[in-house]
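Everything on this sheet refers to the single structure shown next.
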Amino acid sequence: MSGTLRFIQGNEAVVEGALYAGLGFYAGYPITPSTEITELLAERLPKRGGTFIQMEDEIASMCSIIGASLTGKKVMTATSGPGFSLMQEAIGYAVMAEVPCVVVNVQRSGPSTGLPTAVAQGDVMQARWGTHGDHAIIALTASNLQDVFKLTIEAFNMAETYRTPVILLLDEVVGHMREKVIIPNEGEFVVQRLITSVPEGTDYHPYLAREDGRLPMSDFGGVHRYNVTGLVHDMWGFPSNDPTVAYNLLRHLVDKIEKRSHEIARYQEHRIEDADILIVSYGSSARSALHMIEKGRDSGIRIGLLELNTIWPFPYEVVRRAAERTEIVLVVEMNMGQVYQEVRRAVKTDRVYLVNRFDGVFISHNDIEKTLNVVMGRGV
Amino acid sequence: MATPLTLKELSRKEELFTPGHRLCAGCGAPTVVKMVLLATDYPVIASNSTGCLEVSSCISEYTAWKIPWIHSAFENAAATISGVETMYRSLKKQGKISDEIKFVSFAGDGGTYDIGFQSLSGAMERGHDMTYICYDNGAYMNTGIQRSSATPFGADTTTCPVGSHIPGKLQQRKDMTKIIAQHGVPYVAQCSPSHWGDLMKKVRKAHEIKGPKFLNIIAPCNRGWRTQSDDAIKMAKLAVETCYWPLFEIENGVTKITQRPREKKPLIDFLKPQGRFKHMFAPENEWMLKAAQEHVDAYWERLEKEEACFAPPAPAAAEAPKVAD
């Protein structure tokens with residue numbers, strides 16, 4: 001793989017990934033710890049012929065990327081906790097109107113202003129259910145910067161493929177740490193927007209899915225005139241109160257993602273083939289988990305790690321398979337057990353334990369080891 | 001009996017915003033807050049939106065505030081104090097409280113001009129008896145100097161960076177003082193800590209008027225403006241003297257310029273010491289200096305006209321005695 005070796009910050013890796021994926025429009029609003037994404041794109045995006053705009057708040061950022069996406073651009077915004085809260089209504093709109101967009105949330109401690117500069121992973125459930133109503137969502141995460149780069153591209157790819165908002169759920173440690181990244185010159189797979197083949201002057205149905213479930217788009221304000229709404233709508237995009245239309249639309253919105261969760265699942269397995277103990281982790285927590293794996297293996301404990309890169313739709317099947325031959329599962333995360341509950345739903349064993357921190361301090365391998373010792377009956 | 005606004009008397013008064021906060025050395029914001037609270041002779045309750053002032057004035061077990069103080073989120077200092085003030089009025093009506101309490105909101109320009117605008121506008125329209133104070137340093141300084149709609153034309157910030165694409169911010173700043181005046185509130189004023197007497201008189205006046213009041217106070221930020229850490233007051237003074245930041249008030253729709261500079265200095269006197277405008281002095285950017293000056297001139301000219309509209313009529317010439325037929 002030919003590329004440029006860089007020593008950069010996590011937030012910069014997002015910028016690199018977004019530019020690689022063909023970001024055309026970015027709207028943002030400063031908030032710690034994601035501000036660098038906005039600052040870097042203010043400088044770099046216009047030089048690439050893209051458009052950068054700072055909005056008056058996060059609601060506006062989210063709404064403006066929706067508008068710009070419909071005109072045919074790949075779009076992104078980035079924020080953190082409080083800003084992510086403000087975006088929720090518009091994220092629901094993007095789900096309903098099936099607008100491809102990428103929303104980066106570099107998580108910090110909450111609720112509210114919380115600990116603005118401290119790490120947390122407390123927005124896992126907000127990414128899933130922050131906006132109201134039944135819906136499906138895609139949320140991706142990463143623990144190292146090469147993966148941040150790669151998953152940012154994947155986020156754009158999935159947004160385009162499934163016509164949906166994709167949440168890139170990073171955290172303060174990943175966003176602010178510096179690490180080696182190779183920015184490839186080429187070779188990463190980039191999904192281009194699917195544009196309708198319906199010619200000008202012929203009826204275009206913006207919400208009529210193809211056989212493969214994908215909905216070809218037509219640049220808003222271009223050759224086809226069509227309606228976009230947050231109301232329940234038919235294949236023309238016109239509002240409808242018809243229960244059949246409502247049923248079919250909600251089924252479609254959920255099924256297009258939930259039924260393809262196997263395609264969307266991204267994960268990495270570290271030494272799980274002979275593991276007696278399985279750790280499930282994600283984001284920066286997975287770095288400490290990986291450290292624990294190496295340490296444990298050195299002292300003869302057969303321990304493995306399943307690192308999740310797709311959080312939503314939750315890869316229940318992947319987790320179930322990885323835990324199939326282990327008695328003990330530890331979930332390592334920096335919240336009060338948001339992924340832990342999902343893991344419990346996925347696995348057969350009752351011996352699922354939570355190793356967590358939610359005090360703004362980065363979870364370390366020592367935190368994991370303490371719980372591990374208790375679980376293994378070795379005392380505290 | 002109100003404390004006379006003399007240095008001698010004020011120096012004896014207890015400071016309600018104390019030293020020891022963690023705002024940067026040379027920051028204009030704490031001086032502004034200190035003056036506002038020093039001018040206030042009533043018990044006061046404050047809300048404070050997220051920003052430099054909030055984050056630096058109340059860290060772990062320490063606070064610089066000797067008043068009841070509530071940190072709201074970023075976008076809703078005005079809405080939060082609306083709730084407190086409304087309950088105060090209710091309790092007063094029920095006879096459960098008798099003190100004359102004043103309600104104040106502090107917010108930066110981001111929390112006022114941008115994300116907090118809706119909340120502020122709502123509070124002004126509903127007519128709460130409160131004074132909203134914006135300490136305007138012209139950018140999002142707390143997150144590392146990003147543009148706001150209070151950022152002056154031409155300024156270099158991290159989200160309107162000077163480079164091959166743009167020469168700094170291309171838009172003029174939003175005229176927030178007059179926008180709030182247009183809500184029809186009884187009192188708005190623009191103030192500067194360099195003219196402390198004027199500032200404190202306006203605070204006093206605001207407290208004596210019932211209804212929503214708005215004070216927009218310039219608060220130089222040496223980090224964002226890229227100036228020295230000991231020239232906040234000097235910069236604030238230059239802002240007034242160049243008419244970049246005219247000191248005026250609008251009371252019940254009547255505009256009055258409260259401090260007219262003896263000699264209106266050229267805007268470059270204000271721009272030159274600031275690193276954020278450095279690029280405007282390059283020969284190819286001469287047009288920017290011209291545009292900035294023209295904007296200030298037009299604003300000042302209009303302000304003078306507005307004032308003249310309401311000036312008391314010149315004494316009419318004595319009417320000629322009617323000649324009897």
Side-chain angles (χ1 to χ4, degrees), chain A residues 9 11-12 15 26-64 77-87 106 108 110-118 172 175-176 359-360, chain B residues 22 48-52 54-56 58-60 70-77 80 107-121 139-151 155-171 174 176 179 224:
Chain A
Q9 202 190 44
N11 285 336
E12 194 167 0
V15 168
Y26 178 92
Y29 188 75
I31 185 166
T32 307
S34 73
T35 305
E36 294 83 1
I37 297 174
T38 298
E39 290 181 332
L40 287 162
L41 283 168
E43 201 177 321
R44 295 188 54 188
L45 196 51
K47 287 180 184 164
R48 296 269 191 119
T51 304
F52 167 89
I53 183 169
Q54 183 182 318
M55 299 301 287
E56 72 272 19
D57 61 20
E58 290 89 348
I59 303 173
S61 296
M62 189 62 214
C63 293
S64 74
T77 185
T79 189
S80 186
F84 194 52
S85 294
L86 288 183
M87 288 177 179
V106 186
R108 67 191 217 186
S112 192
T113 317
L115 297 166
T117 55
E172 189 274 337
H176 278 165
D359 55 357
Chain B
R22 279 76 173 275
N48 197 166
S49 70
T50 304
C52 291
E54 165 271 319
V55 82
S56 308
C58 192
I59 292 181
S60 63
I70 178 170
H71 163 219
S72 64
F74 196 3
E75 69 279 18
N76 47 26
T80 306
D109 48 284
T112 302
Y113 288 62
D114 296 338
I115 194 169
F117 182 59
Q118 176 174 316
S119 165
L120 169 59
S121 179
Y140 290 86
M141 302 310 185
N142 190 36
T143 43
I145 316 159
Q146 293 83 27
R147 86 190 279 283
S148 78
S149 54
T151 302
D156 179 25
T157 76
T158 58
T159 50
C160 53
V162 174
S164 54
H165 209 74
I166 47 164
K169 190 185 171 189
L170 290 172
Q171 300 82 10
K174 205 188 254 180
M176 198 64 185
I179 290 168

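Proteins get letters first, then strands, A, B, ... in listed order; numbering begins at 1 in each. Because the structure is predicted, anything quoted here is derived from the model rather than measured.
- For a residue to count as touching a neighbouring chain, one of its non-hydrogen atoms must lie under 4.5 Å from one of that chain's; by this rule A/Pro46 touches chain B with backbone and side chain alike.
- Applying the salt bridge (charged side-chain N to carboxylate O under 4.0 Å, His left out) definition to pairs two or more places apart or across chains, those involving residues 155-168 of chain B are B/Asp156-B/Arg226.
- Counting only heavy atoms from C-beta outward, the side chains of A/Glu36 and A/Val106 never approach each other to under 4.5 Å.
- The distance from atom OG1 of B/Thr50 to atom CG of B/Asn142, rounded to the nearest 0.5 Å, is 8.5 Å.
- The shortest side-chain heavy-atom distance between A/Thr113 and A/Arg108 falls under the 4.5 Å cut-off.
- Residues of residues 158-165 of chain B having a heavy atom under 4.5 Å from any heavy atom of chain A, listed by number: B/Thr158, B/Thr159, B/Pro161, B/Ser164, B/His165.
- Heavy-atom minimum distance, B/Thr157 versus B/Ile145: CB-O, 3.5 Å.
- Of all the heavy atoms in B/Thr143 and A/Ile31, the pair that sits closest is CG2-CA, 4.1 Å.
- Contact annotation for A/Leu86: only side-chain heavy atoms (C-beta onward) come within less than 4.5 Å of a heavy atom of chain B.
- By a heavy-atom distance cut of under 4.5 Å, B/Gly110, B/Asp114, B/Ile115 are the residues of residues 107-119 of chain B near chain A, going up by number.
- When atom types are taken as modelled, the side chain of B/Lys169 and the backbone of B/Arg147 share no donor-acceptor pair closer than 3.5 angstrom.
- One finds the OH atom of A/Tyr29 at 12.0 Å from the OG atom of A/Ser34 (value rounded to the nearest 0.5 Å).
- With hydrogens and angles ignored, the 3.5 Å screen pairs a side-chain donor or acceptor of A/Asn11 with a backbone N or O of A/Pro33.
- Side-chain contact check for A/Glu39 versus B/Gln146: some heavy-atom pair is nearer than 4.5 Å.
- Nearest heavy-atom pair across A/Gln54 and A/Pro30 is NE2-CD, 3.9 Å.
- Closest non-hydrogen pair, B/Leu170 versus B/Ile166, comes out as CD1-CG2, 3.7 Å.
- Residues of residues 56-64 of chain A having a heavy atom under 4.5 Å from any heavy atom of chain B, listed by number: A/Glu56, A/Asp57, A/Glu58.
- Side chains of A/Tyr26 and A/Thr38 form a contact here, defined as non-hydrogen atoms less than 4.5 Å apart.
- Listed here is the closest heavy atom pair of A/Ala118 and A/Gly360: CB-O, 3.5 Å.
- With a threshold of 4.5 angstrom between heavy atoms, A/Thr35 approaches chain B through side-chain atoms but not through N, CA, C or O.
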